[in-house]
Amino acid sequence: MDSTILLFLVQDGILNGAIYSLLAVAFIILFSVTRVIFVAQGDFVTYAGLTLSALERGQTPGSVWVLLLFGGAAAILEIVRAVRTNRSRKCWKIVSGCILYPCLIASLLWTGFGNANDILRLLLALAIVVPLGPYIYIIFFKGLANSSILNLLIVSVGVHWMLTGIGLLSFGAEGYRTNEMLHSGLEIGPLSISSQSIAVVVLTAVVMLLLYAFFNRSIEGKALRATAISTRGAGLVGISPENAGMKAFLMASSIGAVSGILISPITTLYYDSGFLIGLKGFIAAIIGGFASYPVAVAGALGVGLAEAFSSFWASALKDAIVFGLVIPVLLWRSLFFAHPEEE
């Protein structure tokens, strides 16, 4: 291996690690607030990339039907819960958020709004995929708030396989890439860095800074942190755990959708690509102990570098090597860290 190959591998590792770090942060947010290990986090990535690809090809993405279906199911469940708890005044909010919004997005697509220009197509793809997070929370997890972590994990696995099957019906088995948003590049010696790769790293850093500011400077972010520390204590001081769960899933779906938009021009995405992508972000979250964001980001960069170098030395064992990184971390945490009982 010469220095040129080394530089290319480091570049690929940092690029992959940037995406894995976003997904790791999403895993930690969800687990901290809702105790859900959301296996389907990577599906937001594929849904966003494939939705944008369909819009660029002038097609109506199948994900809009998923949005309508999930929105309608979420509306029915929320209206039933509101009636049972004598909070019928919330029904208009439920209807507007779960029924009118998906219908508005669908009508924009059917009137040709998605064919306007690149920026509008990108925004429309985000508008389709991001609301799926709160809808999934309402349908599958809101009624299980007091269940054990194992039960929530089983439901999460089921949600992932359901989204994978729906993705096959919605997008087909063929893989797609989106058009490059930036076409120039940067030459540093023998290393050629595309503007798209630079944009991925820069936007990842911007998202991280925004999350830091949100959790440390805003009232909403501090409320989520309080819920993460103690759900019962947060409820006692007037913070709704249900609203916190909705916001956590909204943030997770936003992070996943942005990640999908970022990598879709440089990676071919298939309907089932989200599993491996999300699993590598999950490993980074485990390295961070599902608690520390900086350690999770460092772990994600380590996972990205390990993937790049193992693909050079032993490409057939690339995934096995990456997933094997979690074994020493689990052994170390098992031997040297306390294990608090689940609340």
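The figures that follow rest on heavy atoms only: side chains count, while hydrogens, waters and symmetry mates do not.
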K.L.:
Can you confirm whether Leu210 is buried at CG, in the sense that more than 12 heavy atoms of other residues, nucleotides or ligands lie under 6.0 Å from that atom?
P.N.:
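Counting neighbours around CG of Leu210, more than 12 heavy atoms of other residues, nucleotides or ligands fall under 6.0 Å, so yes.
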K.L.:
To the nearest 0.5 Å, what is the distance between SG (Cys98) and CG (Leu68)?
P.N.:
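Spacing of SG (Cys98) from CG (Leu68) equals 12.0 Å.
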K.L.:
Which residues satisfy the side chain to side chain contact (heavy atoms under 4.5 Å, CB included) test with Leu153, sequence neighbours excluded?
P.N.:
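Leu153 satisfies side chain to side chain contact (heavy atoms under 4.5 Å, CB included) with Ile37, Val39, Val157 only.
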K.L.:
According to side-chain hydrogen bond (donor to acceptor under 3.5 Å, both in side chains), who are the partners of Ser63, at least two apart in sequence or on a separate chain?
P.N.:
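Per chain and number, Ser63 pairs via side-chain hydrogen bond (donor to acceptor under 3.5 Å, both in side chains) with Thr51.
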K.L.:
Please walk me through it: do Leu144 and Asn151 pass side-chain contact (heavy atoms from CB on, under 4.5 Å)?
P.N.:
CA-CA 9 Å; Leu144 301 174; Asn151 288 340; over 6 Å; no
K.L.:
Output side-chain donor-acceptor pairs under 3.5 Å for residues 165-176, partner residues at least two apart or in another chain, one line each.
P.N.:
residue : atom : partner : partner atom : Å
Ser170  : OG   : Ile166  : O            : 2.8

K.L.:
Which pairs pass side-chain hydrogen bond (donor to acceptor under 3.5 Å, both in side chains) with one or both residues in residues 265-277, sequence neighbours excluded?
P.N.:
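Matches after skipping sequence neighbours: Arg177-Thr268.
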K.L.:
Checking Met246 now: which residues fulfil side chain to side chain contact (heavy atoms under 4.5 Å, CB included) with it, not counting sequence neighbours?
P.N.:
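Once residues adjacent in sequence are excluded, the partners of Met246 under the side chain to side chain contact (heavy atoms under 4.5 Å, CB included) criterion are Pro134, Tyr137, Ile138.
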K.L.:
Could you tell me which residues satisfy side chain to side chain contact (heavy atoms under 4.5 Å, CB included) with Val64, sequence neighbours excluded, listed by chain and number?
P.N.:
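Only Thr60, Ala106, Leu109 meet the side chain to side chain contact (heavy atoms under 4.5 Å, CB included) criterion with Val64.
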K.L.:
Just to verify, what does Phe214 make a side chain to side chain contact (heavy atoms under 4.5 Å, CB included) with, not counting sequence neighbours?
P.N.:
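In terms of side chain to side chain contact (heavy atoms under 4.5 Å, CB included), with neighbours along the sequence ignored, Phe214 is linked to Ser218, Glu220, Leu224, Met251.
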K.L.:
Hey, could you give me each pair passing ring pair (Phe, Tyr, Trp, His ring centres under 6.0 Å) that has a residue in residues 53-72? Not counting sequence neighbours.
P.N.:
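Applying ring pair (Phe, Tyr, Trp, His ring centres under 6.0 Å) to every pair that reaches into residues 53-72, excluding sequence neighbours, yields Trp65-Trp110.
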K.L.:
Could you pull out all residues at least two apart from Ser53 that satisfy side-chain hydrogen bond (donor to acceptor under 3.5 Å, both in side chains)?
P.N.:
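Here the qualifying residues are Arg57.
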K.L.:
Donor-acceptor pair, distance only, cut-off 3.5 Å: does the side chain of Gln41 make one with the backbone of Ala252?
P.N.:
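Flag set: sc Gln41 to bb Ala252 pair under 3.5 Å.
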K.L.:
Same cluster or not: are Tyr212 and Val207 linked, directly or through other Ile, Leu, Val, Met, Phe, Trp or Tyr residues, by side-chain heavy atoms under 4.5 angstrom apart?
P.N.:
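As far as the 4.5 Å side-chain criterion goes, Val207 and Tyr212 are not connected within one cluster.
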K.L.:
Can you tell me if Tyr47 uses its side chain to pair, donor with acceptor, with the backbone of Leu132 under 3.5 Å?
P.N.:
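Pair absent, no side-chain N/O of Tyr47 close to backbone of Leu132.
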K.L.:
Pair Leu15, Gln11 - check side-chain contact (heavy atoms from CB on, under 4.5 Å), show working.
P.N.:
CA-CA 6 Å; Leu15 182 62; Gln11 176 190 351; 5.6 Å; no
K.L.:
Is there a side-chain contact (heavy atoms from CB on, under 4.5 Å) between Leu331 and Ile327 once you walk through the steps?
P.N.:
CA-CA 6 Å; Leu331 288 174; Ile327 296 176; 4.1 Å; yes
K.L.:
Between Phe141 and Ile76, is there a shared hydrophobic cluster once you connect ILVMFWY residues whose side-chain heavy atoms come closer than 4.5 Å?
P.N.:
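No, Phe141 and Ile76 fall in different hydrophobic clusters.
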K.L.:
If we only count heavy atoms from C-beta on, is the Leu211 to Ile255 side-chain gap below 4.5 Å?
P.N.:
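Touching, per the 4.5 Å side-chain cut-off.
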K.L.:
Nearest 0.5 Å, what's the CD1-CZ distance between Ile79 and Arg81?
P.N.:
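So the CD1 of Ile79 and the CZ of Arg81 are separated by 11.5 Å.
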K.L.:
Could you pull out all residues at least two apart from Phe275 that satisfy ring-ring contact (aromatic ring centres under 6.0 Å, His included)?
P.N.:
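Applying ring-ring contact (aromatic ring centres under 6.0 Å, His included) to Phe275 gives His160.
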K.L.:
Which residues satisfy the ring-ring contact (aromatic ring centres under 6.0 Å, His included) test with Phe44, sequence neighbours excluded?
P.N.:
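Expected list: Phe38.
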K.L.:
Is a side-chain donor or acceptor of Thr34 paired with a backbone partner of Phe31 at a separation under 3.5 angstrom?
P.N.:
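Side chain of Thr34 to backbone of Phe31: no pair is present.
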K.L.:
Who passes side-chain hydrogen bond (donor to acceptor under 3.5 Å, both in side chains) against Tyr20, sequence neighbours left out?
P.N.:
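For Tyr20 the side-chain hydrogen bond (donor to acceptor under 3.5 Å, both in side chains) partners, ignoring immediate neighbours, are Glu307.
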K.L.:
Return the CD1 to CG distance between Ile261 and Leu123, rounded to the nearest 0.5 Å.
P.N.:
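CG of Leu123 is found 9.5 Å from CD1 of Ile261.
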K.L.:
Hey, what do you get for CG (Leu30) to OG (Ser253), rounding to the nearest 0.5 Å?
P.N.:
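It is 9.0 Å, given to the nearest 0.5 Å.
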K.L.:
Within the distance-only criterion (no hydrogens, no angle test), does the side chain of Ser264 pair as donor or acceptor with the backbone N or O of Gly260 below 3.5 angstrom?
P.N.:
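Pair found, side chain donor or acceptor close to backbone of Gly260.
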